[in-house]
Amino acid sequence: MEAQQPTSPLVRIRSLLPGLARAEQRVAKVVLDNPAAVARNSITEVAEAAGTSETTVTRFCKAIGVGGYPELRIALAADTARSEARSDRDLGGDIGPDDDLRQIVGKVSFADVHAVEETAQQLDVAVLERVVNLLATAGRVDVYGVGASAFVAADLQQKLHRIGRISFSWSDTHIMLTSAAVLGSNDVAVGISHTGATADTVEALRVAREHGATTVALTNFPRSPIAEVADLVLTTAARETTFRSGAMASRIAQLTVIDCLFIGVAQQHMATSMRALDATREAVGTHRLGVRADGRRKPKEGDR
């Protein structure tokens, strides 16, 4: 098996950006705008470009988990080399008013593919394993999400329910809170929020935690408010861009983590899960319009 690629420093910078001090955010913008140039420049040049001091650049490096500026340059140089080896063109994510549909398709698919790749690279497998174990043994799993995250929450609930795990998904604030209030120590509450700052989801997770449930957050920003009320935090790596072409990328990144959770839980109950999947597939089979799994029409009675 291939070794997992190291996490891109740019992914970590984007995820931590909202929690950085204002001067450090200016340094982050310089790095994100042209990482290849920063890998070549001195700390003095970066500080001048960001309109700040060398000390602030050093603080920025420590804030993102890099020992110092030399280590940041090395990480950026390695990341640039990996990116160039992977693709000789970066379509970017920003969609301009003059882009034609072919360009739009290219940019949206580029953002989606990179969201999945970068999410997989930075996903903490140890935390993922702990969440899988919790979901596999929980008496009940309640999943919270509003807006676009509500669709992701519903997907997790449907997957767990299909293999016989007791699970519910909620997107209405009042129902989320009443659900959270009746959870107990054997239950798990999962809150899904790309920004990690959705007040409804954060509040529901907080109430669930107060009543003894183990809380899990799925977010793009590990230092966001939802992380403060979560016992375990899983992170995605998706970029929001012009016309929100990244909005789909954020959902695809979330769904990637959801699929990993589902398969991990199903593995722990393999025989039961397979029986449940077969039973549910058979239950809806009569509602297929005479089409095989490969898309071909089933032969009608009397056909030769």
Side-chain angles (χ1 to χ4, degrees), residues 4-84 90 92-94 111 114-115 117-128 191 193-199 202 206 217-242 246 249-250 253:
Q4 187 176 21
Q5 291 292 330
T7 302
S8 166
L10 303 181
V11 172
R12 182 159 180 80
I13 292 169
R14 282 194 295 270
S15 70
L16 298 177
L17 185 60
L20 297 176
R22 187 166 299 179
E24 293 170 357
Q25 288 183 349
R26 294 201 300 272
V27 178
K29 186 176 187 306
V30 171
V31 175
L32 293 172
D33 285 348
N34 197 342
V38 173
R40 297 190 301 268
N41 293 344
S42 68
I43 188 172
T44 303
E45 291 171 314
V46 172
E48 290 176 352
T52 188
S53 66
E54 294 179 15
T55 302
T56 299
V57 176
T58 300
R59 282 203 307 268
F60 162 78
C61 293
K62 293 180 179 178
I64 64 169
V66 178
Y69 186 68
E71 289 83 356
L72 176 63
R73 290 182 63 186
I74 292 170
L76 290 173
D79 188 62
T80 300
R82 285 194 300 269
S83 297
E84 289 175 351
D90 187 338
D94 289 337
H114 276 258
E117 288 180 346
E118 292 179 344
T119 292
Q121 287 173 11
Q122 60 80 52
L123 191 60
D124 190 326
V125 178
V127 175
L128 182 73
S193 170
H194 174 76
T195 63
T198 307
V202 172
R206 177 184 58 78
L218 175 57
T219 180
N220 209 70
F221 302 99
R223 293 183 183 173
S224 57
I226 199 170
E228 298 175 5
V229 295
D231 297 307
L232 296 167
V233 179
L234 293 168
T235 53
T236 56
R239 314 176 200 183
E240 295 294 341
T241 53
T242 305
S250 66

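Quick caveat: nothing in here was measured; it's all calculated off a predicted structure.
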Going through the distances and angles, do Ser53 and Thr56 end up as a side-chain hydrogen bond (donor to acceptor under 3.5 Å, both in side chains)?
CA-CA 5 Å; Ser53 66; Thr56 299; 3.1 Å; yes
May I ask you to test the Leu128-Leu234 pair for a side-chain heavy-atom distance under 4.5 Å?
yes
Do Arg12 and Gln122 have side-chain heavy atoms sitting under 4.5 Å apart?
no
Would you check if the side chain of Asn220 reaches a backbone N or O of Ala238 as a donor-acceptor pair within less than 3.5 Å?
yes
Working to the nearest 0.5 angstrom, can you tell me the gap between Arg73 CZ and Arg40 CZ?
10.0 Å
With side chains defined as the heavy atoms from C-beta onward, is the minimum distance between Ile226 and Thr198 less than 4.5 Å?
no
Quick check: closest heavy atoms across Ser250 and His194, and the distance to 0.1 Å?
CB-ND1, 3.3 Å
Shortest non-hydrogen separation from Leu218 to Thr236 and the atoms involved
CD1-CG2, 3.8 Å
Please check this pair: side chain of Thr52 against backbone of Ala47, looking for a donor-acceptor N/O pair closer than 3.5 Å.
no
CD on Glu24 to CD1 on Ile13, rounded to 0.5 Å
11.5 Å
Could you tell me whether the side chain of Thr44 reaches within less than 4.5 Å of the side chain of Tyr69, counting heavy atoms only?
no
For Val27 and Phe60, the nearest pair of non-hydrogen atoms, with its separation, is CG1-CD2, 3.5 Å
Would you check if the side chain of Arg26 reaches a backbone N or O of Ala50 as a donor-acceptor pair within less than 3.5 Å?
yes
For the atom pair OG (Ser42) and CD (Glu48), what is the distance rounded to the nearest 0.5 Å?
7.5 Å
Taking it one step at a time, do Val127 and Val233 satisfy side chain to side chain contact (heavy atoms under 4.5 Å, CB included)?
CA-CA 7 Å; Val127 175; Val233 179; 6.0 Å; no
For residues Pro9 and Val66, determine if any side-chain heavy atom of one lies less than 4.5 Å from a side-chain heavy atom of the other.
no
If only atom types and distance count, is the side chain of Asn41 paired as donor or acceptor with the main-chain N or O of Ala37 below 3.5 Å?
yes
Can you name the closest pair of heavy atoms from Gly196 and Ser224 and give their distance?
CA-OG, 3.3 Å
Thr119 versus Ala253, closest heavy-atom pair with distance:
OG1-CB, 3.4 Å
Begin from the C-alpha positions of Leu17 and Leu20 and carry the test side chain to side chain contact (heavy atoms under 4.5 Å, CB included) through to its verdict.
CA-CA 5 Å; Leu17 185 60; Leu20 297 176; 4.2 Å; yes
Nearest heavy-atom pair of Ala237 and Val11: which atoms, and what distance?
CB-CG1, 3.4 Å
Side-chain touch Ile64/Leu72, heavy atoms, less than 4.5 angstrom
yes
Ignoring hydrogens and angles, tell me if any N or O in the side chain of Glu71 forms a donor-acceptor pair with the backbone of Gly68 under 3.5 Å.
yes
